[in-house]
Amino acid sequence: KQWYQRRVAITAGRLAPPGIKSRLTGMTTSVKVKAPVLGGNFGTWGLTFAACDCTLIYLRNKEDHWNSITAGAATGGLLSIRSGPQAAVTSAIIGGVLLAMIEGISIALTRIGAEQFKPVMPTLPDAA
């Protein structure tokens, strides 16, 4: 979400009166005003995702990557349902794809890390 704060700061800097001090003051004020909204949105997303994820774990009696992917899709859909069914479906697809990418990267990093700890057969010197 840092990109959003940067965008807000840059926009506020452009719209401020000329002068470096007034631009910096405008950028700082704009970020301060938008920060609670951004934090609230992130908290809402996190709570909805955690509720969906825990519900899926309870219903499926499994804890695997599919729970996170499905929870991401459900979260995207639930948070945008007020914008209509088309927006909800689009957000659900985006949420599912993003969580699938995150889970895929997690699996890849786990496999790469596991390679380091694979047991290696020791070589014995020839007894000649």
Side-chain angles (χ1 to χ4, degrees):
K1 301 294 181 178
Q2 289 179 346
W3 62 269
Y4 180 74
Q5 288 179 338
R6 287 183 191 135
R7 186 183 70 147
V8 167
I10 290 169
T11 304
R14 280 192 211 146
L15 297 176
I20 189 77
K21 185 177 179 182
S22 61
R23 288 185 189 264
L24 287 175
T25 304
M27 291 167 64
T28 305
T29 304
S30 181
V31 169
K32 283 180 184 178
V33 168
K34 299 278 186 178
V37 174
L38 183 63
N41 290 343
F42 184 75
T44 302
W45 191 93
L47 178 68
T48 307
F49 176 79
C52 291
D53 194 29
C54 290
T55 302
L56 286 168
I57 291 170
Y58 176 77
L59 292 175
R60 295 183 65 223
N61 289 327
K62 280 187 191 177
E63 190 164 353
D64 59 1
H65 298 292
W66 290 108
N67 288 340
S68 295
I69 294 168
T70 308
T75 299
L78 284 172
L79 292 179
S80 64
I81 195 74
R82 296 186 317 173
S83 299
Q86 185 176 3
V89 169
T90 302
S91 292
I93 290 170
I94 291 171
V97 167
L98 283 174
L99 264 295
M101 290 179 2
I102 291 169
E103 291 297 327
I105 291 170
S106 173
I107 291 169
L109 291 176
T110 302
R111 287 188 181 167
I112 290 170
E115 289 291 322
Q116 298 175 356
F117 300 106
K118 229 179 202 179
V120 179
M121 184 75 153
T123 56
L124 298 174
D126 290 335

- Query: Is there side-chain contact between C52 and L78, with heavy atoms separated by less than 4.5 Å?
  - Reply: yes
- Query: Taking the side chain from T44 and the backbone from G40, do they hold a donor-acceptor pair closer than 3.5 Å?
  - Reply: yes
- Item | Minimum heavy-atom distance N67-E63, with the two atoms named | ND2-CA, 3.7 Å
- Note on the structure: Value for CD1 (I94) from CG (L98), rounded to nearest 0.5 Å, stands at 7.5 Å
- Separation between CE of M101 and OG of S106, rounded to the nearest 0.5 Å: 13.5 Å
- Provide the closest heavy-atom pair for S80 versus A87 in the form atom of the first, atom of the second, distance. OG-O, 3.4 Å
- Query: Out of curiosity, R111 CZ to L109 CG, how far, rounded to the nearest 0.5 Å?
  - Reply: 11.5 Å
- What distance do L99 atom CG and D53 atom CG have between them, rounded to the nearest 0.5 Å? 8.5 Å
- Note on the structure: Here the gap from T110 atom OG1 to I105 atom CD1, rounded to the nearest 0.5 Å, amounts to 11.5 Å
- Contact summary for T75 and F49, nearest pair of heavy atoms: OG1-CA, 3.2 Å
- Query: To the nearest 0.5 Å, what is the distance between CH2 (W45) and CG (N41)?
  - Reply: 12.5 Å
- State, to 0.1 Å, how close V33 and P36 come at their nearest heavy-atom pair, and which atoms those are. O-CD, 3.4 Å
- Query: Which atom pair, heavy atoms only, marks the closest approach of A88 to I81?
  - Reply: CB-CD1, 3.7 Å
